[in-house]
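Step one of this worksheet: look at the structure below.
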Amino acid sequence: MSEPTLTYGRYLKVPELLSLQSCLSTPPHHDEALFIIIHQVYELWFKLVLHEVDSAVELLGADRVEEATRLLRRVVEIQQLLVHQVRILETMRPQDFLGFRYHLNPASGFQSVQFRELEFALGMKDAAVLAAIRCLPEEEQRLRGRLASPSLPDSVDGLLVRRGFAKQPVPEPGPDGRSQPEDWRLAALVKIYESPDAHQDLSALCEVLVDIDEALAHWRAHHVQMVERMIGAKRGTGGSDGVGYLRATLPKRAFPDLWRVRTHIGQEPT
Ligand code: HEM
């Protein structure tokens, strides 16, 4: 028997996709559909972002810098969309959210495994997250895998070493699983930023990494602002103190040395 002719809906599994939005409020609150769909869309984009970041790590490991940079540019474009999407949620009024919020307890975006995977993939590894979030065994497995695997900053370090920027090997990760900021890396970045023509591929890579860090910072800032607009100083459904907790995450950076280098370039010799 021959396979049924491929259609748009069969290829993309549209019927299955459209069957995945189940409201908990009864009768369904008008805005719960928005709330569910926006989170599902975020998770789909997170899946693609992880796919691209994983490929970029592999490409950098194979010294294919320009190809990696191209994929990371795609990540930045997706991130811009993710930042902008917060605006759609802001069309919901706080009283609308209260109409179904209590059904969500104790679930929260805090438990987004893919968001944590992304943080880990970008080098912001925190083993304590494993104990703090409730997730499926296979999700925990994925998180543990990411904790143990090289992150994007690790692969950039490896690349810099292979390009001869550091005589010593990449330092061992610190106790929290992250490589410690090292002077050799900052020195390498100063050279790249002061002579971009001599290091064109690395220079383009560094700027796209800054774009990724900046876009994530924008998302965090916009999310916390939206949360304050929605719930004020109420506690989060995930159990944190809400806006106060989220504000404390704002300084997180994946590539702190790429921010520090701005201060160090163009210095007068002493
Ligand atoms: C009405 C909409 C939303 C509200 C009121 C809200 C509120 C919160 C609150 C209060 C937290 C802190 C943890 C807690 O105690 O629950 C949090 C964390 C988080 N939310 Fe949302 N959120 C909303 C929409 C979203 C959306 C659309 C996403 C997209 C995936 C998202 C992703 C996250 C993530 C990833 C965290 C963890 C942040 C971190 O720990 O750095 N949230 N949210």
Side-chain angles (χ1 to χ4, degrees), residues 20-21 23-25 28-50 53 75 78-135 139 142-143 146-147 151 176 178 212-254 256:
L20 297 176
Q21 294 73 40
C23 291
L24 288 179
S25 52
H29 188 286
H30 178 86
D31 283 359
E32 194 176 351
L34 163 72
F35 189 79
I36 292 172
I37 288 173
I38 205 154
H39 280 86
Q40 289 182 338
V41 168
Y42 267 103
E43 291 295 334
L44 282 176
W45 283 122
F46 287 160
K47 183 171 179 176
L48 188 65
V49 165
L50 286 165
V53 170
V75 168
I78 298 169
Q79 286 179 293
Q80 307 289 6
L81 189 69
L82 297 186
V83 175
H84 194 68
Q85 268 187 190
V86 175
R87 289 289 300 151
I88 305 176
L89 257 181
E90 288 178 330
T91 61
M92 179 167 72
R93 296 166 301 183
Q95 61 273 35
D96 299 325
F97 185 43
L98 287 175
F100 61 92
R101 182 178 188 238
Y102 74 96
H103 289 290
L104 311 176
N105 260 324
S108 162
F110 182 85
Q111 296 159 350
S112 166
V113 173
Q114 292 200 104
F115 181 80
R116 298 306 169 192
E117 283 190 73
L118 181 59
E119 284 192 319
F120 289 8
L122 295 179
M124 292 173 281
K125 294 184 180 179
D126 178 3
V129 163
L130 284 161
I133 69 173
R134 263 170 278 173
C135 59
E139 292 176 318
R142 285 206 322 259
L143 272 177
R146 294 214 174 259
L147 211 49
S151 64
D176 58 356
R178 276 212 73 180
I212 288 178
D213 232 4
E214 186 168 301
L216 188 53
H218 284 165
W219 181 83
R220 288 187 201 276
H222 203 165
H223 172 262
V224 66
Q225 203 57 64
M226 176 274 293
V227 171
E228 185 176 14
R229 178 171 174 160
M230 214 57 76
I231 62 169
K234 291 192 181 84
R235 294 186 70 77
T237 48
S240 81
D241 69 357
V243 167
Y245 160 75
L246 290 169
R247 287 220 174 99
T249 66
L250 295 180
K252 279 191 180 181
R253 292 291 178 272

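In this text the structure is predicted, and so the values were computed from the model without any measurement. Numbering of ligands and ligand atoms starts at 1, following listing order.
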For ligand 1, which atoms have a heavy atom of [X] less than 4.0 angstrom away?
X: Phe35; answer: 1 (C), 2 (C)
X: His39; answer: 24 (C), 25 (C), 26 (C), 27 (C), 28 (C), 42 (N)
X: Arg220; answer: 41 (O)
X: Leu89; answer: 2 (C), 24 (C), 27 (C)
X: Met230; answer: 1 (C)
X: Phe97; answer: 1 (C), 5 (C)
X: Met92; answer: 1 (C)
X: Met226; answer: 2 (C), 3 (C), 23 (C), 24 (C)

Indicate yes or no: does an N/O atom of [X] lie under 3.5 Å from an N/O atom of ligand 1?
X: Ser112; result: no
X: Tyr42; result: no
X: Glu119; result: no
X: Phe46; result: no

Practice problem: Have a look at ligand 1 and work out which part of Lys234, if any, has a heavy atom under 4.0 Å from it: side chain, backbone, both or neither. | Solution: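 Lys234 to ligand 1: no contact under 4.0 Å from either part.
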
Quiz prompt | Heavy atom of the protein closest to atom 15 (O) of ligand 1 (residue, atom name, distance) | solution =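 It is Ser240 OG, 2.7 Å.
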
Quiz prompt | atom 40 (O) of ligand 1: the protein heavy-atom neighbour that sits closest, reported with distance to 0.1 Å | solution =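 Looking only at protein heavy atoms, the one closest to atom 40 (O) of ligand 1 is Tyr245 OH, 2.3 Å.
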
Smallest separation among heavy atoms of [X] and [Y], with atom names:
X: Asp126; Y: Leu147; result: N-CD1, 4.2 Å
X: Arg134; Y: Pro106; result: NH1-CG, 3.8 Å
X: Val113; Y: Cys135; result: CG2-CB, 3.6 Å
X: His222; Y: Glu90; result: NE2-OE1, 3.5 Å
X: Ser151; Y: Leu122; result: CB-C, 4.4 Å
X: Gln21; Y: Gln40; result: NE2-OE1, 2.6 Å

Practice problem: Taking atom 21 (Fe) of ligand 1 as the centre, count the protein N/O/S atoms lying under 2.8 Å from it. | Solution: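 With waters ignored, the protein N/O/S count below 2.8 Å is 1.
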
Quiz item: Can Trp219 be said to touch ligand 1, with heavy atoms closer than 4.0 Å?
Solution: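 Contact present.
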
Tabulate below the donor-acceptor pairs under 3.5 Å that side-chain atoms of residues 28-39 make, not counting sequence neighbours, or state none.
unit_1, atom_1, unit_2, atom_2, d
His29, ND1, Asp31, N, 3.0
His29, NE2, Asp96, O, 3.3
Glu32, OE1, Leu24, N, 3.3
Glu32, OE1, Ser25, N, 3.0
Glu32, OE1, Ser25, OG, 2.5
Glu32, OE2, Leu24, N, 2.8
His39, ND1, Phe35, O, 2.8

Quiz item: Do any pairs count as a side-chain hydrogen bond (donor to acceptor under 3.5 Å, both in side chains) and have a residue in residues 227-239, sequence neighbours left out, and if so which ones?
Solution: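 Only Gln225-Glu228, Glu228-Arg247 qualify under side-chain hydrogen bond (donor to acceptor under 3.5 Å, both in side chains).
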
Self-check item: Pairwise distance CD(Gln114) to CG(Leu48) - rounded to 0.5 angstrom
Solution: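 Result: 10.5 Å between the selected atoms.
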
Self-check item: salt bridge (Lys or Arg N to Asp or Glu O under 4.0 Å) against Asp213, all qualifying residues, sequence neighbours excluded
Solution: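 None.
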
Quiz item: Does a side-chain heavy-atom distance below 4.5 Å link Met226 with Ile231?
Solution: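 The answer is no; the side chains never approach within 4.5 Å.
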
Quiz item: Do Tyr42 and Phe115 pass the ring-ring contact (aromatic ring centres under 6.0 Å, His included) test, and can you show the C-alpha distance, the side-chain angles, and the key distance before you say yes or no?
Solution: CA-CA 9 Å; Tyr42 267 103; Phe115 181 80; 9.4 Å; no

Quiz prompt | Backbone of Leu246 reached by a side-chain donor or acceptor of Thr249 within 3.5 Å | solution =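 Yes; judged by distance alone, with no hydrogens or angles, the pair exists.
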
Quiz prompt | Basic-acidic side-chain contact under 4.0 Å: Arg253, Glu119 | solution =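 Looking at Arg253 and Glu119, the cut-off is not met.
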
